[in-house]
Amino acid sequence: MAKTTSVTGVILLLFLSPSSVFCFVSSESDDPPPTPAPWPHQFHSILFMNYSGALQLIDLWYDWPNGRNFNIMRDQLGGLLYDLEWNNGTSFVYTLDESKKCRTAQLEVGILRPNWLDGARYLGQEYFDGFLCNVWEKVEFIWYYEDVVTKRPVHWVFYTGRSAHVMSFEVGAALEDEKWQAPVYCFARKGEDEPQLRTQSAIAERGLRSLVGFVDTVS
């Protein structure tokens with residue numbers, strides 16, 4: 001007995017860019033749209049950041065069980081900057097060199113929850129950096145790309161155009177407890193060095209935390 005095949009979707013190929021090759025659009029599917037995978041409760045990730053040509057590497061440690069998040073940032077040909085965030089809304093941005101700069105801040109919300117992408121709007125599938133990704137948009141602030149097969153994040157971009165390429169993603173990796181301690185001068189000179197330590201990374205991350213936190217409290 002011969003088998004028949006029905007076409008239930010339409011594939012639309014759009015040339016976009018070297019890193020974003022084409023989109024896939026399913027036009028006749030009754031399946032509900034996919035939802036983004038929650039972040040693991042602990043992970044370590046290396047991010048390559050690009051903001052209008054300004055390049056940065058971020059060593060990201062996420063530790064939800066202990067209520068803390070750590071971004072160790074290096075500008076291209078620059079030094080290290082440490083951005084330590086706690087779930088009580090306290091954060092420290094500091095250096096560990098001889099300048100001993102530190103800025104403290106207090107937000108109304110803590111670190112991003114593992115399910116912070118709940119409620120994001122599904123946009124479809126797109127190839128990015130060579131990976132076929134599901135794409136979501138959250139509160140018109142961030143666009144999030146997740147590998148269709150592994151469910152690992154591949155890329156995200158803020159509304160400002162600042163983008164993150166995920167170079168590695170180690171689920172379950174944890175940083176030693178002693179590395180989470182802000183230096184003593186962060187407590188002795190609160191806010192003194194704030195102008196020198198305003199970074200695009202810190203501003204964007206705090207904007208996302210505040211915006212997502214606010215949406216969650218009113219939804």
Side-chain angles (χ1 to χ4, degrees), residues 14 16-24 33-64 68-76 81 83 85 91 93 107 109-171 173 199-216 219:
L14 298 175
L16 296 176
S17 70
S19 62
S20 181
V21 181
F22 66 81
C23 292
F24 171 92
T35 57
W39 275 6
H41 283 199
Q42 286 182 317
F43 69 84
H44 173 227
S45 185
I46 301 294
L47 307 177
F48 174 76
M49 312 297 296
N50 189 340
Y51 183 69
S52 299
L55 306 181
Q56 188 178 64
L57 280 177
I58 295 184
D59 205 358
L60 167 62
W61 296 89
Y62 180 79
D63 187 357
W64 176 254
R68 55 196 186 183
N69 186 77
F70 205 3
N71 295 286
I72 303 172
M73 303 172 286
R74 183 187 293 274
D75 291 330
Q76 186 176 20
L81 189 63
D83 180 12
E85 303 159 355
S91 63
V93 180
L107 298 180
V109 296
I111 68 173
L112 294 175
R113 301 188 318 275
N115 63 342
W116 67 273
L117 283 163
D118 283 0
R121 181 168 64 96
Y122 183 61
L123 301 179
Q125 292 183 332
E126 181 178 324
Y127 271 97
F128 200 93
D129 287 345
F131 299 89
L132 179 61
C133 299
N134 285 315
V135 187
W136 294 269
E137 169 263 319
K138 179 79 172 184
V139 294
E140 298 184 351
F141 191 87
I142 190 170
W143 283 255
Y144 188 85
Y145 294 69
E146 179 187 274
D147 181 56
V148 169
V149 177
T150 66
K151 310 301 181 184
R152 294 179 301 183
V154 170
H155 174 71
W156 59 79
V157 57
F158 294 95
Y159 77 100
T160 59
R162 181 175 177 273
S163 64
H165 301 256
V166 181
M167 307 302 293
S168 67
F169 195 75
E170 303 171 77
V171 176
T199 67
Q200 290 296 334
S201 298
I203 292 170
E205 173 68 11
R206 279 153 181 72
L208 177 60
R209 289 168 58 196
S210 297
L211 187 56
V212 171
F214 172 76
V215 170
D216 288 340
S219 60

Participant: Less than 4.5 Å apart, any side-chain heavy atom of Phe70 and any of Asp83?
Facilitator: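 No. Closest side-chain heavy atoms not under 4.5 Å.
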Participant: Distance from Asn134 atom CG to Glu126 atom CD, nearest 0.5 Å?
Facilitator: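 Going from the CG atom of Asn134 to the CD atom of Glu126 covers 11.0 Å.
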Participant: Which distance, rounded to the nearest 0.5 Å, do you find between the NZ of Lys151 and the CZ of Phe169?
Facilitator: 13.5 Å
Participant: So Thr150 and Phe131, do their side chains get closer than 4.5 Å, heavy atoms only?
Facilitator: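 No. Closest side-chain heavy atoms not under 4.5 Å.
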Participant: What I'd like to find out is whether the side chain of Pro34 reaches to under 4.5 Å of the side chain of Trp136, using heavy atoms alone.
Facilitator: yes
Participant: Applying side chain to side chain contact (heavy atoms under 4.5 Å, CB included), run through Ile58 and Ile46 and close with a yes or a no.
Facilitator: CA-CA 6 Å; Ile58 295 184; Ile46 301 294; over 6 Å; no
Participant: Can you tell me how far the OG atom of Ser163 sits from the CZ atom of Phe48, to the nearest 0.5 Å?
Facilitator: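 If I round to the nearest 0.5 Å, the distance is 8.0 Å.
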Participant: Ring-plane angle category for Trp64 and Tyr62, please: parallel below 30°, perpendicular beyond 60°, tilted otherwise.
Facilitator: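 Ring orientation of Trp64 relative to Tyr62: parallel.
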Participant: Testing the basics here: between Glu85 and Ser91, what is the closest heavy-atom pair and its distance to 0.1 Å?
Facilitator: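 Taking every non-hydrogen atom into account, CG-CB, 3.9 Å.
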Participant: May I ask you to say whether Arg68 pairs ionically with Asp63, meaning some side-chain N is under 4.0 Å from a carboxylate O?
Facilitator: yes
Participant: Should the ring pair His44 and Trp61 be called parallel, tilted or perpendicular, given that the plane angle runs from 0 to 90° and is split at 30 and 60?
Facilitator: parallel
Participant: Does a donor on one side chain and an acceptor on the other come within less than 3.5 Å for His155 and Asp129?
Facilitator: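 Asp129 and His155 do not have a side-chain donor-acceptor pair below 3.5 Å.
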Participant: Do the non-hydrogen side-chain atoms of Ile72 and Leu57 ever get within less than 4.5 Å of each other?
Facilitator: no
Participant: Answer yes or no: is there a side-chain heavy-atom contact under 4.5 Å between Val148 and Gln125?
Facilitator: yes
Participant: Using 0.5 Å steps for rounding, measure from the NE2 atom of His165 to the CG atom of Leu47.
Facilitator: 10.5 Å
Participant: Can you tell me if OH on Tyr122 sees more than 12 non-hydrogen neighbours from other groups inside 6.0 Å?
Facilitator: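 Enclosed: over 12 neighbouring heavy atoms sit under 6.0 Å from OH of Tyr122.
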Participant: Can you find a pair of side-chain heavy atoms, one from Trp156 and one from Tyr145, that are under 4.5 Å apart?
Facilitator: no
Participant: Going from OH on Tyr144 to CH2 on Trp116, what distance comes out if it is rounded to the nearest 0.5 angstrom?
Facilitator: 6.5 Å
Participant: Provide the closest heavy-atom pair for Ser168 versus Ser45 in the form atom of the first, atom of the second, distance.
Facilitator: O-OG, 2.6 Å
Participant: Say you draw a straight line from CH2 of Trp39 to CG of Leu117; how long is it, rounded to the nearest 0.5 Å?
Facilitator: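 Those atoms lie 7.5 Å apart.
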